[in-house]
J.: 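I'd like to ask some things about the structure below.
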Amino acid sequence: MAFRNYLCKVSEKAINYLELLNEPQRGAVMQTEGPVMIIAGAGSGKTRVLTYRIAYLIEKGVDPFNILALTFTNKAAREMRKRIEQVVGNEAHALWMGTFHSIFAKILRIEADKLGYPSNFTIYDSDDAKSLIKTILKEMGLDDKVYKPGMVLSRISSAKNNLITAAQYASLSDLTEADSGSGKPKIHDIYRIYTERCFRAGAMDFDDLLVKTHELLSRFPDVLNKYQHKFHYVMVDEFQDTNHCQYSIIKKLSAMRENICVVGDDAQSIYAFRGATIRNILNYEKDYPDLKVFKLEQNYRSTSNIVEAAGSIIRNNKDQLKKQVWTDNPDGDKIRVIRTATDNEEGKVVAENIFEEKMRNQLNNDAFAILYRTNAQSRSIEEALRKMNIPYRIYGGMSFYQRKEIKDMVAYLRLTINPSDEEALKRIINYPTRGIGKTSIDKLILAASQNECSIWTVLENIEKIPAFGSAIKKLADFRNMMLSFRSMLESHSAYDLAMHIARQSTLLKILHDDKTVEGISRYENIVELMNGIKEFTEDDTRDEAKTLDVYLQDIALLTDADNEKGDDDVVRLMTIHAAKGLEFPNVFVVGMEENLFPSQMSISSRQDLEEERRLFYVAATRAEKKLTLSYAMSRFRFGNLTYAEPSRFIQEIDPRYLQVEKVKSNKPEFGGFPAAKKKQDFNFTPVGKSATPSLLFNKKESPINRKVDPNFEPDDTSLLKEGMRVEHQRFGPGIVTLIEGSGEGRKATVEFEEVGIKQLILKYAKVRIIS
DNA sequence: TACTAAGCTCTTTTT
DNA sequence: GAGCTTAGTA
């Protein structure tokens, strides 16, 4: 009887939320069996459908433990878990939900021994991978100007994502011929050695997490069988961004029951550069002929003007599936296009706009997002926001875990867990300095590769190798220290051990003793890391063991966007890629310039250009109420002043939806060139070789990066040429009291509140002829 | 071996 | 602007 009541209650609850859905949404939720594809336009309630679908499954009696839901970001996974919890309660905990990388890492931890890996394998991030490539290039005697590490890595990565092993790579003539054609015939060798070295180090890179999972499921039928029995229902979010390898894995995993549901939008496919392929959507239709397709075309997010404008852009793409996104929402404001003179002015105008909008409509800061194509663009915007006292937060760019001091500390932890971890070892063997120099390290690496063993194995036997001479003692000391850390693994909590390591390695001490502004900040970061480990150790909501190796695997897959607390009332700054899946009432897309967005590298090929266009589509459809596009006619990029045309994408928008504004420049020297396009038309003279708007000084001495007052003027400009003034300073607040000489190499004495008087060299200064 | 200044190069997006 | 290498000094 009780069970019957329970059933009634469940179905009532189910009906409640099913009523909230429109026709195709409800269909997509209730079609739980068999292969399903949901084509979900921007803002069409995709997350809602996925959430309810899982909730519906659970209420139908499916054990959450048997549901696998894959997303691209941790944030998306967390968000969905939260929303499912709201519907079904605590049961959601047992769901297998996470990013491809984190779920597969979890499986690999369990099954690692089958592949010959330790279960506490290290995850190499892109820096580690790059550094390993460099080491290999050096050993092979190859020129890293020809074999650019980044480029080599991306060749290897795309091979992996297409499930091509090193051996296969060597035998595929179109690949090797392409490499020979570009003067890099050895790529397949590098690939092979790279793979061996990763294996020897007990390490997997991001791609390996996918490839090794695929290998595991292919080579071991019993393992495949186990997970096929486990996952009765498989769901994949952002399907348009999956690569071949990911697709193969989910196909294998769901092969037994074929309860596989993918959700995606071909118009929002923006990761082709990472191996994502639209072919997956087409193959999916081919692989599952009895596929049920649901198209979610009604947009609930944005105003009609935004939906229509975005639609008018994306229609320029040839490669796309048929669908018609529409909305019932009111027209709203037109899309504003703002033209400014410089990047700095662009920042200023955006900041002022935000300020006014906030005042006029009583909005919070978090109602605004500023999106850009490249991370480097954030600087001018940041400065303007700071000047207007508008709090902001940057997502992406240099993340917490990429900071030097954090990577150093993490390297100690990694090496403690996995002594074979070569990249970690190289990082800290002489940091803090303990008299182990370059020569000794080179010898170590050489000995390791001669004996085809890890550097750690060489260290274990260091006393038997006379070639190391006087360095033996120092190397042995280091080894013994690491051994003593290792011996504490069982008996100490992750936090206690980490704290012990930080102290014992003297890392904490040297950071503590460094009283420069940056040193203090580094010390604080380490403290923050320690707090993070403590929190992890004390976190009771997760069922996994709370050991150090689990922590390390966790943070290896964490990105900056995952640190979102969500409740900060700040303006959000991020790349468009990072904004995927998010929405904001007011969106500014800055840097709408040809060669910047679309990026210069993409304009030569149609496919690349179409991806840029989809990227713009994603940016535009993030906005709920207001969308503003801005561009600058001149911009400092990488030390050079560049001149730009407005992006072709602005021209592609149906003009009915646009409202074009010219900003009346409040900078007199820029006032008179509304139609200026060519360099000569600017009343501007760069000085020195490249007119970078910066002063150069020892980076270690610099006050906190980015916390600057761009507003101050030099006190004494008498030694500058007449009519020139220093336009922009990266440091501050402070007062320039003296500038010696002129042009490149000038010296400036600057007084800082925090650090007193400093002598600075003005390497290049951006100056203007005022007259 | 440790440290620093100077010089050179490259310049997209990220799990 | 940032990362990296090189050369030179202590």
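Each chain gets a letter, A, B and so on, in the order the sequences are listed, and its residues count up from 1. What you see is a predicted model, and the numbers here were worked out from it, not measured in a lab.
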J.: Considering every strand and a 4.0 Å limit on heavy-atom distances, what is the contact class for A/Tyr271: base, sugar-phosphate, or nothing?
T.: sugar-phosphate

J.: Where the side chain of A/Thr73 is concerned, which of B/dT15, B/dT13, B/dA2 is the nearest nucleotide?
T.: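 Of B/dT15, B/dT13, B/dA2, B/dT15 is nearest to the side chain of A/Thr73.
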
J.: Rounded off to whole Å, could you give me the NZ-to-P distance for the A/Lys474 and B/dT1 pair?
T.: 7 Å

J.: Once you round it to whole Å, what is the distance between P of B/dT14 and CE of A/Met574?
T.: 11 Å

J.: Please compare A/Gly437 and A/Phe206 by the position of their nearest nucleotide in DNA chain B and report the one closer to 5'.
T.: A/Gly437

J.: Listed by chain and number, what are the ring-ring contact (aromatic ring centres under 6.0 Å, His included) partners of A/Phe239, not counting sequence neighbours?
T.: A/Tyr247, A/Tyr284

J.: Given A/Lys160 and A/Asp205, is the salt bridge (Lys or Arg N to Asp or Glu O under 4.0 Å) satisfied, shown in steps?
T.: CA-CA 11 Å; A/Lys160 283 184 177 176; A/Asp205 66 14; 2.8 Å; yes

J.: Among the nucleotides B/dT15, B/dT1, B/dT11, which one has an atom lying closest to any side-chain atom of A/Met601?
T.: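 Per side-chain heavy atoms of A/Met601, the pick is B/dT11.
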
J.: State which of B/dT1, B/dC3, B/dT14 makes the closest approach to the side chain of A/Thr433.
T.: B/dC3

J.: Please determine if a side-chain N or O atom of A/Ser102 lies less than 4.0 Å away from the OP1 or OP2 oxygen of B/dT15.
T.: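 Checking B/dT15 against A/Ser102, no side-chain N or O comes under 4.0 Å of OP1 or OP2.
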
J.: Nearest whole Å is fine: how far is B/dT14 P from A/Gln268 CD?
T.: 16 Å

J.: Which word best sums up how the rings of A/Phe121 and A/Tyr117 line up, parallel for under 30°, tilted for 30 to 60°, or perpendicular for over 60°?
T.: perpendicular

J.: So, does A/Asn243 get its side chain near the phosphate of B/dT15, meaning an N or O under 4.0 Å from OP1 or OP2?
T.: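 For B/dT15, neither OP1 nor OP2 has a side-chain N or O of A/Asn243 closer than 4.0 Å.
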
J.: In whole angstrom, what separates A/Ile133's CD1 from C/dG3's P?
T.: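 Taking atom P of C/dG3 as the reference, CD1 of A/Ile133 is at 20 Å.
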
J.: What's the closest nucleotide to the side chain of A/Ser599 if the choices are B/dA2, B/dT12, B/dT14?
T.: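 Out of B/dA2, B/dT12, B/dT14, the nucleotide with an atom closest to A/Ser599's side chain is B/dT12.
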
J.: Roughly how far, to the nearest 0.5 Å, is CD of A/Glu645 from CG of A/Leu596?
T.: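 Answer for the CG-CD pair, A/Leu596 versus A/Glu645, is 13.5 Å.
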
J.: Does a donor on one side chain sit under 3.5 Å from an acceptor on the other, for A/Lys474 and A/Ser440?
T.: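 No, no side-chain donor-acceptor contact under 3.5 Å.
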
J.: Could you check A/Asp608 against A/Phe100 and say which one's nearest nucleotide on DNA chain B is further toward the 5' end?
T.: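 It is A/Asp608, whose closest nucleotide lies nearer the 5' terminus.
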
J.: Can you list every side chain to side chain donor-acceptor pair (under 3.5 Å) pair that touches residues 138-150 of chain A, not counting sequence neighbours?
T.: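 Qualifying pairs, neighbours excluded: A/Glu139-A/Arg197.
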
J.: Which nucleotide in the list B/dT13, B/dT15, B/dT1 gets nearest to the side chain of A/Arg373?
T.: B/dT13

J.: Applying a 4.0 Å non-hydrogen cut-off, can you work out what A/Thr439 is touching in the nucleic acid: base, sugar-phosphate, or nothing?
T.: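 Here A/Thr439 touches the backbone only, sparing every base.
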
J.: If you only use heavy atoms from C-beta on, which nucleotide in B/dT1, B/dT14, B/dT12 is closest to the side chain of A/Phe273?
T.: B/dT14

J.: Nearest whole Å is fine: how far is B/dT13 P from A/Leu609 CG?
T.: 18 Å

J.: Can you find a side chain N or O atom of A/Asn375 that sits less than 4.0 Å from OP1 or OP2 on B/dT12?
T.: no

J.: With rounding to the closest Å, how many angstrom separate the P atoms on C/dG3 and B/dT14?
T.: 16 Å

J.: Whether the A/Asn243 and A/Asn161 side chains hold a donor-acceptor pair (N or O, under 3.5 Å, no angle test) is what I'd like checked.
T.: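 Yes, a side-chain donor-acceptor pair sits under 3.5 Å.
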
J.: Considering every strand and a 4.0 Å limit on heavy-atom distances, what is the contact class for A/Asp125: base, sugar-phosphate, or nothing?
T.: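 No contact at all - A/Asp125 keeps every heavy atom at 4.0 Å or more from the nucleic acid.
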
J.: Does OP1 or OP2 of B/dT15 have a side-chain N or O of A/Ser126 closer than 4.0 Å?
T.: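 Answer is no, no contact under 4.0 Å.
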
J.: What does A/Phe72 touch in the nucleic acid at a heavy-atom separation under 4.0 angstrom: a base, only the sugar-phosphate, or nothing?
T.: sugar-phosphate

J.: What is the distance from CD1 of A/Ile510 to P of B/dA2, rounded to the nearest Å?
T.: 13 Å

J.: Send over the distance from A/His244 NE2 to B/dT15 C1', rounded to a whole Å.
T.: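 Computing the A/His244:NE2 to B/dT15:C1' distance gives 19 Å.
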
J.: Base, sugar-phosphate, or nothing for A/Lys134, non-hydrogen atoms under 4.0 angstrom?
T.: sugar-phosphate

J.: Reckon A/Asn595 has a side-chain N or O less than 4.0 Å from the OP1 or OP2 of B/dT12?
T.: no

J.: Round to a whole Å and report the spacing from CD of A/Gln402 to P of B/dT14.
T.: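 My rounded result for the distance is 10 Å.
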
